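We number each residue from 1, following the sequence as shown. None of the values given here were measured: they were computed from a predicted structure.
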Amino acid sequence: MNAPWLPAAMMIASGSIHAVVNAILKGGKDKMAGRAVIDATSALILLPVTLFVPPPHGAWPWIAGTALVHCAYLYALVRAFQTSDLSAAYPILRGTAPLVTAAVVIGLLGEPASPRELAGIALIGAAMFVLVFGRHISRAGLGWALVTGVTISAYTVIDAHGVRAAPTPLGYIVWMFVLMGAATVTMFALLSRGAIFAARAQQWRPGVAAGALSILTYGLALWALALGPTAPLAALRETGMVTALVIATLFLGERVTPGRIMAVFGILGGAALILTR
């Protein structure tokens, strides 16, 4: 039997690591090349592992669906980071996701949720948007950040069902990363007309590190979703915004305002509501 706190702990750790991956992507000069290196690295690391894990029979349609949605997500993410600051775009795209995810899995798919969990989800989502208050973001940046948030919700719901349909969570995780990496590199190569292969020379070191971390962050998230309910766990992943705020303050030199501090406490308060249900 799994410890009841384990899925929540896995998802909180996943959120913090995810913030680091996105900070690395934002710091790169060519966002398409950087993302291609990240996903290619993840796929190459896990490709040999496909020989030792069971194929995800019963989950192939979910894997195909998530590969397509991830392509849309990564394109929107790259465009959001091309047009906006990390501290403006990241809260919007992460804040949108748990609210849309909760609406789908609770309102449409009928997953149970307590009033306390719903309050925690809403508080985390609201706190994310407080982080954006007063920040300048273009219409294009706002639009791409919102699209990114919707696609995050879509792949979260797809993968929550897929990882439960597969014989083992590990098999689903491994095959998903391999196929998603191939699809992502192909997409960015076509969109850039091959320019990503020349640009990768300046970005391969941080990209490789981020690729390894990507396996850890989303692997933890998928394993958590195999063990617990989708909506509250998806909301807990947004606590990674606290890590993003620390990175922005300590490494990017951004100013900490009272509003940002309040938002961080809002995120932590929402997580506490979910964890103490």
* Asked: Do Thr66 side-chain atoms and Asp159 backbone N/O form a donor-acceptor pair below 3.5 Å?
  -> no
* State, yes or no, whether a side-chain contact exists between Val104 and Ser153 at a heavy-atom distance under 4.5 Å. => no
* Going by heavy atoms in the side chains, are Leu225 and Met11 under 4.5 Å from each other? -> yes
* Kindly compute the distance separating OH (Tyr155) from OH (Tyr218), expressed to the nearest 0.5 Å. => 5.5 Å
* To do: Decide whether Ile173 and Leu44 are clustered together by the hydrophobic rule: side chain heavy atoms of Ile, Leu, Val, Met, Phe, Trp, Tyr closer than 4.5 Å, transitively.
  => no
* Short question: side chain of Glu117, backbone of Ser114 - any donor-acceptor pair under 3.5 Å? -> yes
* Between Thr151 and Val147, is there a donor-acceptor pair closer than 3.5 Å when you use the side chain of the first and the backbone of the second? -> yes
* Trp62 vs His161 aromatic rings, parallel, tilted or perpendicular, using cut-offs 30° and 60°? -> parallel
* Asked: Going hydrophobic residue to hydrophobic residue with side-chain gaps under 4.5 angstrom, can you get from Leu216 over to Trp223?
  -> yes
* Asked: With side chains defined as the heavy atoms from C-beta onward, is the minimum distance between Tyr172 and Val53 less than 4.5 Å?
  -> no
* Asked: Which atoms form the tightest heavy-atom contact between Ala212 and Thr41, and what is the distance?
  -> N-CG2, 4.2 Å
* Ignoring hydrogens and geometry, is there a side-chain-to-backbone donor-acceptor pair from Lys26 to Phe81 under 3.5 Å? -> yes
* Asked: Taking the hydrophobic residues Ile, Leu, Val, Met, Phe, Trp and Tyr, and joining any pair whose side-chain heavy atoms are under 4.5 Å apart, which ones share a cluster with Phe52?
  -> Leu51
* To do: Write down the atom of Ala36, the atom of Ile196, and the distance for their closest heavy-atom approach.
  => CB-CD1, 3.8 Å
* Asked: When you measure from the side chain of Glu111 to the backbone N and O of Pro229, does any donor-acceptor pair fall under 3.5 Å?
  -> no
* Do you see a donor-acceptor pair shorter than 3.5 Å between the side chains of Arg237 and Thr217? -> yes
* side chain to side chain contact (heavy atoms under 4.5 Å, CB included) involving Ile247 - partner list, sequence neighbours excluded -> Val20, Ala23, Thr243, Phe251
* Structure fact -> Sorted by chain and number, sequence neighbours left out, side chain to side chain contact (heavy atoms under 4.5 Å, CB included) with Ala182 holds for none
* Side-chain H-bond candidate by donor/acceptor type, Asp85 with Tyr90, under 3.5 Å -> no
* Asked: Just by modelled atom types, is the Leu46 backbone N or O under 3.5 Å from a matching donor or acceptor in the Thr50 side chain?
  -> no
* Structure fact -> Value for CD1 (Ile121) from CD (Glu238), rounded to nearest 0.5 Å, stands at 10.5 Å
* Quick one: do the Thr230 and Arg164 side chains pair a donor with an acceptor below 3.5 Å? -> yes
